[in-house]
Engineer: 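I'd like to ask you about the structure that follows.
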2 protein chains.
Amino acid sequence: MSDQGARTRRRGEELIRAIHDAVLEEVVEVGVGRLTMDGIGRRAATPRTTLYRRWPGPIEVLLDALYHQHPVEEPAPGADDLRGDLIRALRLMVEWALSPAGRAVAAILTDPKGAALMSEALFERVFANRGGTFTRTVLRHYADRGRFPAELLTPVVADIGEALVTKRLIDTGAPPTDEDLAAIVDQAILPAIGLGP
Amino acid sequence: MSDQGARTRRRGEELIRAIHDAVLEEVVEVGVGRLTMDGIGRRAATPRTTLYRRWPGPIEVLLDALYHQHPVEEPAPGADDLRGDLIRALRLMVEWALSPAGRAVAAILTDPKGAALMSEALFERVFANRGGTFTRTVLRHYADRGRFPAELLTPVVADIGEALVTKRLIDTGAPPTDEDLAAIVDQAILPAIGLGP
DNA sequence: GGAATTAGATACATTCCTGTATCTAATTCC
DNA sequence: GGAATTAGATACAGGAATGTATCTAATTCC
């Protein structure tokens, strides 16, 4: 155990993790439609026999890798800082969206044959089966405390922030800055709940 | 010319159109990553030699097909119906997004290797190089006429409607109803320009 | 009607990917 | 240290896709 440097082969958990990391990177680079056992194996520096011993095909490797990622972090609204909490929630969303798992989920959801593979169970695993997402969690927290009329928190309003961030990511591929997130909160979300300028 | 039914082969423009239609359908079904000359040829009922005589590969067939689609229709704001015009603009967006060309553009923009192929020139051709998009055109029209303060028409505000529709399409794959579009206008866009309930 | 053009059909070699089989080498466990 | 387990390496056959070459048939044009 004391001479780990002399080992030439990965084994067990270490090998699985390397394969998981490799498939998440590979799908981001080539997309679901071009995902192959060959590609994953090359990236993980492991032969295909090693992959086929555990998984029937590349999609299964990918879904297994996603299954074993940490669930998405939940926004933690504070005492009384609606605006700040919304911005932090959106930042959390951006960070996740740009993570290997986030990018992989996006790749699956936007692939014509990929979306059907994203089972309900996996979706709940990734998002830890919470009743809300990013800004919805914050908005509900403050509506419950009377910060704004709860009836204004409609599905449309709950979606505004994340929709704008999602479109931004698609349009430019670049992460929005904190100024961008603040603009989304100030110009779109707060007016929608009656707290505009 | 009077006995078109007796012809067994398509030729010239008719053949090109069939190939264009085929590639737009094929990319929607299989995605950019799985687009092949074989697939296009099968769908167009034409051999690959016919394709290779004109295009070096499947991506070029696709981009050429897009180049020759009619540009996106522009919203035509009326005299004084901001809400109605916004809903109509979003409906126009949905119709385009669900068209063969719209779906193909989406497939390209969401493919890791596809987005880089969408040249500026093609983008302008598809969108006819107009300064605005769907709701932005309407909003600018009414801001110019003093319907609401022009300084409220920021890039974020201009994007709200389309962002919500885009996210809806991604999340559910189903087209929003007119009620959905009205909710987006009433709950998100109008409040953002100071015309909330 | 015949020449020119073009679409369609077929064949071929190559590459990549798939899935499997087999073997060797490394690692772990007793 | 030896047995068991597992990772890595290699080989193989078959299928799909690529790109090219060649030929035939259909269509258009003069």
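In what follows, chains are A, B, ... by sequence order, proteins preceding strands, each numbered from 1.
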Engineer: If you find the nucleotide of DNA chain D closest to B:Leu35 and the one closest to A:Arg11, which residue's nucleotide is nearer the 5' end?
Structural biologist: A:Arg11

Engineer: Show your working on side-chain contact (heavy atoms from CB on, under 4.5 Å) between B:Thr154 and B:Val157 and close with a plain yes or no.
Structural biologist: CA-CA 5 Å; B:Thr154 65; B:Val157 173; 3.3 Å; yes

Engineer: On the side chain of B:Arg53, is there an atom forming a donor-acceptor pair with the base of C:dG8 - under 3.5 Å, no angle test?
Structural biologist: yes

Engineer: Any side-chain heavy-atom pair from A:Val61 and A:Asp64 closer than 4.5 angstrom?
Structural biologist: no

Engineer: Is any side-chain N of the basic residue among A:Glu26 and A:Arg34 closer than 4.0 Å to the acidic one's carboxylate O?
Structural biologist: no

Engineer: Just the rounded figure in Å: distance from P of D:dT6 to CG of A:Leu51.
Structural biologist: 16 Å

Engineer: Classify B:Gly12 by what it touches in the nucleic acid, base, sugar-phosphate, or nothing, heavy-atom distance under 4.0 Å.
Structural biologist: sugar-phosphate

Engineer: Round to a whole Å and report the spacing from CZ of B:Arg34 to C1' of C:dT18.
Structural biologist: 15 Å

Engineer: Do NZ/NE/NH1/NH2 and the carboxylate oxygens of A:Arg168 and A:Asp171 come within less than 4.0 Å?
Structural biologist: no

Engineer: Within the structure shown, what part of the strands sits under 4.0 Å from B:Arg48 by heavy-atom distance: base, sugar-phosphate, or nothing?
Structural biologist: base

Engineer: Considering heavy-atom distances to DNA chain D, does A:Arg54 or B:Arg42 have its closest nucleotide positioned more toward the 5' end?
Structural biologist: A:Arg54

Engineer: Could you check whether B:Asp81 pairs with B:Arg147 (Lys NZ or Arg NE/NH1/NH2 to Asp/Glu carboxylate O, under 4.0 Å)?
Structural biologist: no

Engineer: Give a yes/no answer on whether the side chain of A:Thr8 brings an N or O atom under 4.0 Å of OP1 or OP2 in C:dT27.
Structural biologist: yes

Engineer: Using a cut-off of less than 4.0 Å, is there contact between a side-chain N or O of A:Thr46 and OP1 or OP2 of D:dG8?
Structural biologist: yes

Engineer: Identify which one of A:Leu190, A:Ile189, A:Ile184 satisfies the side-chain contact (heavy atoms from CB on, under 4.5 Å) criterion when paired with A:Asp186.
Structural biologist: A:Leu190

Engineer: Side chain of A:Thr49, heavy atoms from C-beta onward: which of C:dT22, D:dA7, C:dT18 has the nearest atom to it?
Structural biologist: C:dT22

Engineer: Over how many whole Å does the gap from A:Leu15 atom CG to C:dT27 atom P extend?
Structural biologist: 13 Å

Engineer: Tell me the interatomic distance from B:Met37, atom CE, to D:dT20, atom P, rounded to whole angstroms.
Structural biologist: 10 Å

Engineer: Report yes if a side-chain nitrogen or oxygen of B:Arg9 is closer than 4.0 Å to either non-bridging phosphate oxygen (OP1 or OP2) of C:dA9; otherwise report no.
Structural biologist: no

Engineer: Tell me the interatomic distance from A:Trp55, atom CH2, to C:dG19, atom P, rounded to whole angstroms.
Structural biologist: 15 Å

Engineer: Whole Å only: how far is the CD1 atom of B:Ile16 from the P atom of C:dA7?
Structural biologist: 7 Å

Engineer: Using the six-membered ring wherever Trp is involved, compare the ring planes of A:His20 and A:Trp55 and label them parallel, tilted or perpendicular (cut-offs 30° and 60°).
Structural biologist: tilted

Engineer: Pick out which of A:Asp85, A:Asp144, A:Leu86 makes a side-chain contact (heavy atoms from CB on, under 4.5 Å) with A:Leu139.
Structural biologist: A:Leu86

Engineer: In this structure, how many angstroms lie between the C1' atom of C:dC17 and the CZ atom of A:Arg43, rounded?
Structural biologist: 17 Å

Engineer: Rounded to whole Å, how long is the line connecting atom CG of B:Asp38 with atom P of C:dA9?
Structural biologist: 14 Å

Engineer: Both distances under 3.5 Å, Watson-Crick or G-U wobble: on that basis, could you give the dot-bracket string for DNA chain C, with [ ] for crossing pairs and | for other-strand partners?
Structural biologist: ||||||||||||||||||||||||||||||

Engineer: Measuring from the side chain of A:Thr36 (C-beta onward, heavy atoms only), which nucleotide among C:dA7, C:dT18, D:dG8 has the closest atom?
Structural biologist: C:dT18

